[in-house]
Structures are given as C-alpha cells and as structure tokens.
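In what follows, a single structure is set out as structure tokens and then discussed.
First the proteins, then the strands, lettered A, B, ... as listed; each starts at 1. Everything numeric in this text was worked out from a predicted model, so none of it was measured. Atom set for the values below is all heavy atoms of this structure, side chains included, hydrogens, waters and symmetry mates excluded.
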Amino acid sequence: MTTEMRHHPGINLSHSRPEDERHAEVTVFGFWTFLMNDAILFALLFATYATMVNRTAGGPTGAELFDIGNAFVETLVLLLSSFSFGMGAVALKEGREHPLKLWLGVTLVLGLGFIGLELREFAGLIGQGATAQTSGFLSSFYVLLSIHGLHVLVGCIWIVVMLAQVSTFGLSRQVRSRILRLGLFWHFLDLVWIVIFTTVYLPAVAS
Amino acid sequence: MFKDTMLDPAGPVSAATRDLFFDSVGLMLIVVMPVIVLTALVVWRYRAGNVAARYTPHWGGSRIVELGLWFMPVLIVVMLWFVVWNRTHALDPYKPLASGQPPLVVQAVALDWQWLFIYPDENIASVNRLVFPVGRPVTIELTSDSVMNSLMIPALGGQIYAMAGMQTELNLMADRIGVYDGRNTMFNGDGFSAQVFTAEAVDVAAFQSFVAEARNAGEALDSASFETLATPTIAGPVRLYSSVENNLFHTIMASHGSMPHVAADASSTMHAEHNP
Amino acid sequence: MSGPWEGEHQGHAITQPSSDAKAEARSYLWGLGLAALLTALAFGLAVFKIFSGPALFAAIGVLALAQIAAQFRFFLHIDLSRQKREDLQLILFTGLLILIMVGGSLWIMASLDQRMMG
Amino acid sequence: MNSSMLFGKLTFDALPFYSPIAAGGAAVIVLGGAGVVGLITWLRAWPYLWREWFTTTDHKKIGMMYVILALVMLLRGFVDALMMRAQQAIAMNAEGYLTPDHFQQVFSSHGTIMIFFMGMPFLFGIMNYIVPLQLGARDVAFPLLNAIGLWLTAAGAALVMASLVIGVFSTGGWTGYPPYTELSYSPTVGVDYWIMALLVSGIGTTLSAINFIVTIYKMRAPGMKLMQMPLFCWTALCSSLLVIFAIPGLTVAGGLLALDRYLGMHFFTNDGGGNVMNYANIFWIFGHPEVYILILPAFGIFSTVIPTFSQKKLFGYNVLVYATMCIAVLSFTVWLHHFFTMGADANVNAFFGIMTMVIAVPTGVKVYDWILTMYRGRLRFDTPMLWSIAFIVTFVIGGMTGVILSIPPLDYVFHNTLFLIAHFHNMLVPGMLFGLFAGYAYWFPKATGFRLDERWGRRAFVFWVVGFYLAFMPLYVLGFMGAARRMAYYDQPEWQIYFVVAAVGAFSVLLGIGCQVIQLVVSIRNRKGTMDLAGDPWGGQTLEWSTSSPPPEYNFAVLPQVSELDAFQVAKEAGRPYVWPTHYEPIEVPRNTALGPIFGGLAFVLGFAVVWHIWWLAAFGIAGVIATIIARSFAAETTRIISSEEIMATELRWHADVRAKQEANS
Ligand code: HEA
Ligand code: HEA
Ligand code: CUA
Ligand SMILES: [Cu+2]
C-alpha cells in the first residue's frame, strides 16, 4: 500500500481535490463522533444483556432457543455485505459510477436479506412462545438485536437514497462524502454484529 | 438539637461513623480552610485601589509552584484512601457486630407504606414498630414487597436498600435504652412522608414482655393476612402478630422472582404485578 | 494537532488511481478472508466444543477481538501505525470508556447479585 | 372508528382540574403563552421572528435563543423551588398546602427542568455564542445540526410544559428510579412525559455536542494550536465529549424503561426477571458525568473572568487544561457513589469511594490556580468578578461535603437525606449558576453592545449569596438530624425552624432574581451610557473581544492569525490590536432554513403522541422526520454569499467606532 497521507481513518478519497478532503475531514470526524456515541449505546445494551442473561424467570434459556446455524448465515451475509460495500468504495475511488451502483445494490440486497433472516428468527421464537414479554433475558435479547437490526434498516434506506442521489447528481462532492460516511456506518454495524454473535449466540451453544 | 442522631450515637455503628466523620473532616479542613482564608486575603490585598500591592500582570506560571499545588491535596486524598478502605470494610452493613451475644434476627419487609418486622426465632411479627434488646446485635434482613425502599435508623447507623425479590442485610446495635426514629428514605409514592416506625431499644425483660404481648395479639400472619396488610396504607397503625407462617419472608421474596436463583420457584403467583 | 488550514497544501501523494484501487481491493479481500476464517473458527469452537469451560469463552473472546482488529484494519483502514490523529484518539478513548463502563457494570452487578441471594 | 384510536389515552380528564393549584399553574402557562403570542401578533412580529430568529443558522442567534429558553425554564424551576420551600416550612404535622401527589410532581419537574432545561441550555447557549468567537472562527462546523439541536431541546422543554396543562408530570424525581416508575406503580402519563422529554432533548444535546467537538478540533483560527485555545473552549470541548459518552446512558435507561411501560418488557420490573439495580447502574453511568457536564463550562467561565478582572494572565494554563481533562475522564469512574447503599460488597464500595476522591485533587488544583491568578493582580470588582469570588469560597464547602459523601460509611448516613440535597445545590448554585451569571454579565455587552447595570447587579448578587447560604446551610443540619429528601410533610417539631430559615433564604433569592429582572430593564433603558460598539469593554484577553459588539454575522472579516495564547491580549500589548485590510473577500454563510423548527415541531408531536398513545400521530411524526431528512439531502443550495461591498461597509462602521473610542481614551 502506498504511504499516502490519510486525513481521517476510514475509507479515503485520496485523489480528490484538497477542499474535498477538508470538507470530508470535517464531516467524517463529526460522523466518527456520532459513531462513538452509538458505540457506547451498544456497549450499555451489551452490559445489560450480560446482566440479564440468567434472568429467565422460569422461561426458556438461550441454549434452548438459539439456532446457531441461522446466526452463522446471518454473520456471513453481513460480512459479505461489508465486503461488497468495500468494492463499491473502490469503484467510487476510481470514479466509476456504474460498478458503484451495482455494488451498492448488492449490499442493499444483502442488508435486506439479513433483516429478513433476523425477522424469520424472531418469528420462529415468538412461535415457540418466547416473546420479549416472557422474561428479562428475552427482553434484553430482542432489544439488543432489534436496535442493531434497526440500524441495518436505516443503512438500507440510506443506500436507496444514495442510489437515487448518484443517479441525480452523479458523483458530486456531497454525494461522495455521504457514501463515505455510509461506508463507515455499514462497517460499524458489522463490528457490532461480531460482538453480538460472540456474546449472545456462541456462549449459549457453548455452555 | 442532634439528639439521637449520628452526632449523639446510640450504638457502636453510629459512634464509629461519627468518629470517621470528624477524622475525615479534620483532614479535609487542612486543605479547604486555607482556600477560604487565602481567597479573602488575596481579594483584599490585591484590590485595584491598593496601588501599594505588587502587580505582576505577566506572571502566568511557575514550575515549582504548580507542582507544589498538587502536593497537599494528593497527600490528603491518599490519607483518605486508607481511611476509606479500612472503614468501609469495618463498617460493611453486612458485617456481624462483635458481641458476646448472638444477634437477634429480624426480617424487615418494606410495604406501601409501612414496615413489617418478622422475628423468625420468636415466631412473631410487628408492623411499624421494631423492638429489640439493648446491647445485643440486631441482624436485619430486608426485602420489599413493593418498590425500592431504604431503611434507616439515624441514632444507630446507616441505611440499606430493600428491593423486591432480593435480600439485603443491615447489622445494628443499640447500647443505650431509648425510642429512636426509623424511616424509609427512598421516595416511593404518596405515603412516603409518613412511612416512619419506632425503633425501641429495651432491656431484656421488656423485650420478653414485647414478645409475650405479640403472642397474645390474636391475629396470625399468614399469606391471607399478609395480603390485607400489604394493601397500600398511609400512616398505618402499629400491629402485632402472634405467629408467622413458615418461611413467609422467603415466600414474599420468591413472589417477585427477579433474581436468577429464586426465579425457579416463581410459580407462586402471589399478587404478582399486573401487566396491562 | 493542526488546524484545518495547515497542511492543506502539503503534498497529497496522488497515486495512480488504478494501482491504488487495486491495493484497496486487495485490502478488502484480505479482510473478507480473515473475517470469514475467524468467524468460522469461533463458531466451530463453540459448536464442536473441542474444549470447554472458561478456556472456550476466552478463546471465543480473543477471536472476536482479532476479527474486530482485522475489520478495523482492512475495512475501515485504521491501524495504530498511522500518524496520530484526533479520530484515532477518539476511537481509542471510546474503547477505554467501553471497558470501564461494561467492566464496571459487570463487576458491580455480580457483586450485588451475589450479596442479595439471601 | 372510536375515539381511543383518534385520541389514544387523551380525554378531558387530562385537564388539571384535580387541584386548584395545578389548575392555576396551567392557567398561568396558557394565559402567559397566549399573551406572548397575542403580543407578537399585535406587533406583527411573526415574519421578523421567523426570518431573523427561528430559521437562523447563525450560532450567535442560536446561542441567544438557548439562553432565553434557559431563562424561561429557570423561572419555572424557581417557582417550583419556592413552592417546595413554602410547603416544607409549614408542613409540620400538617398536610401543607400541596397534596403529596402535587408535591412529588413539583420536585420532579424542578430537578428535571433545572438540570436538563435550564442548566444545559444555558451552557450550550453561552458555548454557542462564545466558542466560535474565541476560536477566531466564522461559524461552527455544522450550523444546521446546531439549529436542530436547539429546537429539539426546546421540544423537550415544551413537553415538560405541556404536562402541566394536559395530564400530569412524573412523580419519580429527576432520577426516575423503577420499579416505582413502572406502569404498575405509576400508571399515569407523567413518567411518559418525563421519558419523552429527556429522549428528545438528549438527541438535541448530542447533536450540539458533536458540533462543538468538530468545531473545536477543526475550525480554529489559522495557527491556533489546541494548547493556545482559551480555557473556556477547553471546558466546552471536555463537556461536549462528556455529552457524547454519557448521554447514551440516559437514552438506554430511559428507553428501556419506556419499553417496559409500553410493551410490557421486563428490564426493571419486580417480576419477570427484571433487574431494578441495573437501572440505577446505567442511569448513573450517565448521571455522574452529567453533573460535570454542567460544572466544567462554568469552570471555563471563571477561568476567563478571573484573569480579565485581575488584569493579569491566567495562572497555570497548562495545569488547568490537564486538570480539566483529568476531571472529564475520572467522571466516568465513580458512578457507583450514587448507590453505595444498594448493598454491593465493601471492595466495590471502597473502590468507587476512592476513585471519587481522586477528583478532589484536580478540582482543588484548579481552585488554587484561580487564587494564584488573583495573587499580585489588580482586582476590579465588577459583577462577573463578584460571582467568581463568591463561587470559590462557597464551592469548596460543597466540594468538601461531596468528599464526605464519597466515604461509603458516611454516605450510609447521609444518602437520601437533605445533606445530599444541600451538597448538590452547593455545587450547582454557586458552581454552575453563579458561573452562568458571571458569563451572562461578562458577555452580555458582546451580544448587545451595552453593559448590564452594575448597581442592580450588585444588589442581585448580595441577595443571591445571602439567600443561598440561608436556603441551603440549614439543609446540612437537617441532614444530620436524619431528615429525608422528597418529604411533603414531617412530624419532628425541631426540624421546622430550619425549614423556615430555608424558606426565608429562597425568598431572598427571589429578591435577587427580582433585582436581575430590574437590572435587565434598567440596562436596556440606560443603554446609551454603557454603549461600547468598539467591542472591548472589559479589557478582554481573548479573540471574541477583537471584533465589534455585537459581532457581524460572519464574525471576522479577516480570520485572525494566531500564534500564542490570549491572542488579543498579546496583540494589544504589541500595540496592534486590530488589523484592518483595505480589501475584503466575499464570505459564504449558511442560508436560513426552516428545518430547525420543523424538526422541533415533529419531535414535539411525536413525543406528545407517544405519551398519549395516539399511534397514527406518532407514525406521522416518524414519517415526517424521515421524509424531511431525505428531502433535505436533495437540496442543493444551502449557502449564501455576503458580498465584499457589504462587508466593507459593516467593517468601516466598526472601524469608526473603534477610532472614536481610542480617541476618547487618549
Ligand atoms: C441546576 C440545578 C438546580 C438549581 C439551580 C436549583 C435551585 C434551587 N433548588 Fe433545587 N433541585 C435540583 C436542582 C437544582 N435546584 C435537583 C436536581 C433536585 C432533585 C430533584 C429530585 O429529587 O429528583 C432539586 C431538589 C430541590 C428540592 C427538593 C428537596 C427535597 O427533595 O426535599 C428543593 C426544596 O426546596 C429545592 C430548592 C431549590 C431552591 C430554593 C433553589 C434556589 O437556589 C433558587 C433557584 C433559583 C433559580 C434557579 C434562579 C432563577 C434565576 C432567574 C430566573 C434569573 C433571572 C433573570 C435574569 C438573569 C435576567 N431543590
Ligand atoms: C455540578 C454539580 C456537582 C459537582 C461538581 C459535584 C461534585 C462532587 N460530588 Fe456531587 N452530586 C451532584 C452534583 C455535583 N457534585 C448531584 C446533583 C448529586 C445528587 C443527585 C441525586 O441523587 O439527585 C450529587 C451526589 C453526590 C454523591 C452521592 C451521594 C448520595 O446519593 O448518597 C456523592 C458521593 O460521593 C457526591 C460526591 C461528589 C464529589 C466528591 C464531588 C467532587 O467533584 C468535588 C470536588 C471539589 C472539592 C473537593 C473542592 C475543592 C478542592 C480543594 C480545595 C482541594 C482539596 C480538597 C480535598 C483534598 C478534600 N456527589
Ligand atoms: Cu438487589 Cu439483587
Ligand atoms: Cu456523582
């Protein structure tokens, strides 16, 4: 990799014009600040989940409920979507609009697929009578997962908006800077998911 | 003015708390008093009208002074650390008090808005009135049948929360006969202000006659009469119960199966919260 | 530690877009490969219980940290060697706070649970 | 379609006819509101207000609106305080004039308003006005976000006010501990109002904080290094960082409580495996940093005011910066001290007690630095300085009682008593509030061009200080006697005298506030005499004084070149305070936008709908928010150019003012 100067962590538009970089530097830094705020939010939800995991109030436990296969597929789908977004970022860097749209489209499909898988899992659990009202444990499970899922949904809507904007404005400065931030957001969600499968699903099957 | 408070302790815990108070405040005053005095002096001396005072508008720092500034507060705080570590362990409310006698066990249940005290060994119970022998440690086990409460008897020492489905513990002792105020300090609704009880430190004979009085009270405390007692009551009367249903305290706890270990027998549906 | 106007005109090593893009694409591929591997390992360990108990949980935890590091490196292009920047400090500081908040909460809650078992 | 679908839980019973006093309060709000609306309509001021204020993205106007919001809420919070003081003064063995239910709403709204809708907006207002000026910047990093932040805060405040008229407010205190605040114990909408107000304003605060962090990191004047920023900017930065990292705690605690209440989940319920202790834990992960969010900017104000009026350099700038950062970081390591009495084991309690005490060290160093700043100075006792001196002396008393509370065995005795109430008012009033008053008096001439009246300022000061001591020192005594907080009445005759003294103190504060109101009127009337458009009435040291009063929309026609601390002071001493070019560049500023009021309005509607379970309206609110964001992202033109001619004209007018002042002085 070249030793180019990076103005901010995350996806870079290294060959863009300097004022681009400045604009991006300011907004990206702001966006990182927001992401860190969000990270704390998730951290507290994780802490809550960890303190609630044994509070099953006589209801089912994670070990009895979770389908590890489904979690594995969800993980792969999200990971692939991170990768496809990355390929989109590469296309953006080269200024190639068409591949960019294509990769964004792939990411969108994968994102929606993830949400679908999650909803299917929820439906299955609810079918077994394991609802968010059953126990403190399940409340914290559903809320943790849904907050992450909602973030993915927001990401999907954002992708749709960006697809429309690329079509409307082309790869304008604004548009590129927004895709950049969307990318940070999307990768961030994958990071959160790593913690989810590690603290929610794996301990349940491992114990 | 401070009769029967921490400053006029009626037991070893509050006496130790008072000593701790004076020790730590003494330490702190070493660094806090100078601030007040110096501020007054500096403000007076360097008022603009006093042209005789030295004026150094560009003096913005000095290595030595700046390092020196940290020294005193650090010293005091480090001394306080040792105090905190030792006394927090010594005065842990769960810690049984040193005494030749075995502690009297009392199980306190916080209700809306009164206190129920169960004496498991004597198999009696009282409401809004806690009676115990002077000079003998009291181990109070607490739970709540409602929201979070906090039991405090200022003359004897500190407080601890009472929470539904859980059990906390408070060890106190009186070394002076007297009637002390006790109350819930954790806001819990309309009857909060009136949720007081009397804590009576009495001699052994008087304690025996209190037990006898309760035994003759007539009413027994079982699930049904507990249910009546637990309905919200503001400024309820003192009551006595001649006997207590076996393990009632734990039944009450289990009825709010919050904790993992009691959740298993949460099958008891005793006035569970209604979920609209 | 520089204001936005400083460094604006410092040499932007404008690399050839195509070679740069290739390097970037390779980075994403590396990321994908590593993440997939680490995920598979973690799930494998948990499902097949090659060993168990605290060691297993520790292993899963380490794999997760490794994967987070890998994704930071290859997807978000952040690592520790790059020049000091506010963003990096922010991320590291957040990490510290998460450690304090989560660690503290677990410690406190464990202590409380243990003391309230009656 | 039945009415419950249309109006949710909202019925005519929601109107406050349950108590004459509540009805009176509601009437004041409604009539007052109607009066203001009527007055504006009569003056035909709506278009002006909309154009110049409501839709503005100028950080200075946003700052002023924050301060106005804070002052309005301050009055409401103060009325609450007076009501409580009056109640407790007479409620010995008697019910008093407030029912317990009403008393509970009063202390809950007082605490909530003072912390979230008085303290925070006041601080953010002053930060908004001053930080960009001190940085030598033309604007904040995200002007739109800034406007939205203001309007979301206002929406939260409006929800609290609405609860007075429609429905009730929470009775759970500003801390809202469950399970008391769970549906089974608090079935009314009060808690829902409380949660929604906090969630909405929490988002607003977060947006503003992001804006400040980026502004401070990325928008400083050319050449200004971080360690050359005025101290107030440092405290604004630390405070904003605390917001970013602390507010999620409030969001999670409040949000999960809402899920319990709305969807029957079991996070903090007594049954179903809920864990009430976790609420306390998460709330205080937020709550403790919150009190430092409130105090740090006040420290920054004192660090600006004291050197100016000592006519001397600030002592130990570096140390003050590091101490501020220490306090900010440490504030995340002490939260358990708010629930020492929950029953954690001695190791846990001792650990958090020890961590708490550590904060006394950097705070103490700051206090010493302020005293050393005055040492060998030439002290002028204008009101900002008076507030600062009273702060130093009084704050250390509150700090000491804080350290007393941080010793777990002592906290077992003082927790939940009036000793605690005395401690934190002892921090919040002389600390934060006096700081805000100092900042208000200090920067008022910057924002308006004329100074506040000194005579009435001093009167207010005396009444406030005397009132503070009278109102809160008796509470320490009552704390020793075991008087619990939040009591509507009591039965201990020996307590009453202290409550009466406290009520007298609150009354003295009322006189102080009266003086402040008079001060404002008198100052506006006599403004000719104190006018200083040149912009530097106090002999200030930092860049905000190097531009006109009030500053032009673009702040600086030419960005200052900074190479040292106290840039303006240095330039003045070098004999070239102002650099006046002959040629001006046009400047790009953000256009006005209706998005702030739109988001504020939608957030209020959404909050109100959720409180009353009016789901169609809530859906409308959410859809509105999403649609607005997307629509905005397609808007192309968001900035406007101020021409160089216009700038030239403005600047020349200011130059004339400056020359006139220089001549008058020589
Ligand atoms: C910033 C925070 C803040 C401030 C400033 C105050 C200020 C005051 N507070 Fe309070 N208070 C709290 C935060 C604050 N409080 C909190 C968090 C609680 C806990 C709530 C709970 O239990 O949950 C509480 C609780 C509380 C109680 C309840 C005690 C109990 O539980 O039993 C009482 C009792 O009287 C009280 C009294 C007062 C009084 C007399 C003042 C006085 O100092 C006076 C107040 C006056 C003003 C705030 C100034 C008004 C100024 C103006 C209007 C300016 C005018 C105009 C111009 C400048 C132009 N407060
Ligand atoms: C601006 C607000 C503010 C500030 C700055 C502080 C500052 C401090 N607070 Fe306070 N606090 C509150 C607002 C504030 N607090 C509120 C609102 C609550 C209650 C909330 C509720 O329950 O409703 C509370 C509650 C509270 C508690 C919980 C009590 C309980 O619920 O039982 C504790 C316990 O440790 C505490 C401690 C401290 C300490 C140690 C400091 C320290 O930071 C103080 C440091 C300052 C000094 C010490 C003075 C100057 C120093 C020197 C001169 C140097 C040398 C001194 C020594 C070495 C001692 N506070
Ligand atoms: Cu409190 Cu378990
Ligand atoms: Cu605190």
Fill in the blank from the handout: Residue set satisfying salt bridge (charged side-chain N to carboxylate O under 4.0 Å, His left out) with A:Arg96, at least two apart, ordered chain then number -> A:Glu94

Practice task
Among the options C:Leu38, C:Ile60, C:Val47, pick out the one with the most heavy-atom pairs lying under 4.5 Å from chain A.
Solution key: C:Ile60

Exercise for the section: Mind running side chain to side chain contact (heavy atoms under 4.5 Å, CB included) on C:Phe75 and A:Leu79 for me, showing each step along the way? Expected result: CA-CA 11 Å; C:Phe75 287 175; A:Leu79 178 58; 4.0 Å; yes

Problem - Which atoms of A:Thr33 approach chain C - backbone, side chain, both or neither, heavy atom under 4.5 Å - result: both

Problem - Residue pair A:Thr198 / C:Ala64: nearest heavy atoms and the distance that separates them - result: OG1-CB, 3.3 Å

Fill in the blank from the handout: Max heavy-atom pairs within cutoff under 4.5 Å with chain A, candidates C:Ala46, C:Ala25, C:Gly95, C:Gly103, goes to C:Ala46

Completion exercise
When rounded to the nearest 0.5 Å, the distance separating OG1 of A:Thr51 from CG of C:Leu112 is 10.5 Å

Fill in the blank from the handout: Looking only at heavy atoms, the pair that brings C:Ala42 and A:Leu202 closest together is CB-CD1, 3.8 Å

Practice task
Would you mind checking which part of A:Ala71 comes under 4.5 Å of any heavy atom in chain C, side chain (CB onward), backbone (N, CA, C, O), both or neither?
Solution key: both

Practice task
Could you go through the side chain to side chain contact (heavy atoms under 4.5 Å, CB included) check for A:Val90 and C:Lys22 one step at a time?
Solution key: CA-CA 8 Å; A:Val90 174; C:Lys22 248 186 214 135; over 6 Å; no

Handout entry: Residue pair A:Val195 / C:Ile68, side-chain heavy-atom distance below 4.5 Å
Key = yes

Practice task
Calculate, to the nearest 0.5 Å, the distance between atoms OG1 and CH2 belonging to C:Thr39 and A:Trp193 respectively.
Solution key: 11.5 Å

Practice task
Please report the closest heavy-atom contact between A:Lys93 and C:Glu24, naming both atoms and the distance.
Solution key: NZ-OE2, 3.0 Å

Completion exercise
Heavy-atom closest pair (A:Ala206 atom, C:Lys49 atom, distance to 0.1 Å) is O-CE, 3.2 Å

Problem - Nearest-0.5 Å distance, CZ of residue A:Arg55 to CG of residue C:Asp113 - result: 5.0 Å

Practice task
Among the options A:Leu44, A:Asp190, A:Leu80, A:Leu76, pick out the one with the most heavy-atom pairs lying under 4.5 Å from chain C.
Solution key: A:Asp190

Practice task
Could you check if a side-chain atom of C:Leu76 sits within less than 4.5 angstrom of a side-chain atom of A:Leu191, using non-hydrogen atoms only?
Solution key: yes

Practice task
Please flag which part of C:Leu56 lies under 4.5 Å from any non-hydrogen atom of chain A: side chain, backbone, both or neither.
Solution key: side chain

Handout entry: Residue C:Phe51 excluded, over 12 heavy atoms near CZ under 6.0 Å
Key = yes

Fill in the blank from the handout: In terms of heavy-atom contacts, C:Leu106 and A:Ala50 come closest through CD2-CB, 3.6 Å

Exercise for the section: Check the angle between the aromatic planes of A:Phe197 and C:Phe43 and answer parallel, tilted or perpendicular using the 30° and 60° thresholds. Expected result: tilted

Exercise for the section: With a 4.5 angstrom heavy-atom cut-off, could you sort out which part of C:Leu29 is near chain A: side chain, backbone, both or neither? Expected result: both

Problem - Interatomic distance, C:Tyr28 atom OH to A:Ser84 atom OG [nearest 0.5 angstrom] - result: 10.5 Å

Exercise for the section: With rounding to the nearest 0.5 Å, note down the distance linking CZ in A:Phe29 to CG in C:Asp87. Expected result: 5.5 Å

Exercise for the section: Can you tell which part of A:Phe72 gets under 4.5 Å to a heavy atom of chain C, answering side chain, backbone, both or neither? Expected result: both

Problem - Taking every non-hydrogen atom, the tightest pair across C:Ile91 and A:Met36 - result: CA-SD, 3.9 Å

Practice task
Would you give the length of the straight line joining atom CD1 of C:Ile98 to atom CD1 of A:Ile40, rounded to the nearest 0.5 angstrom?
Solution key: 4.5 Å

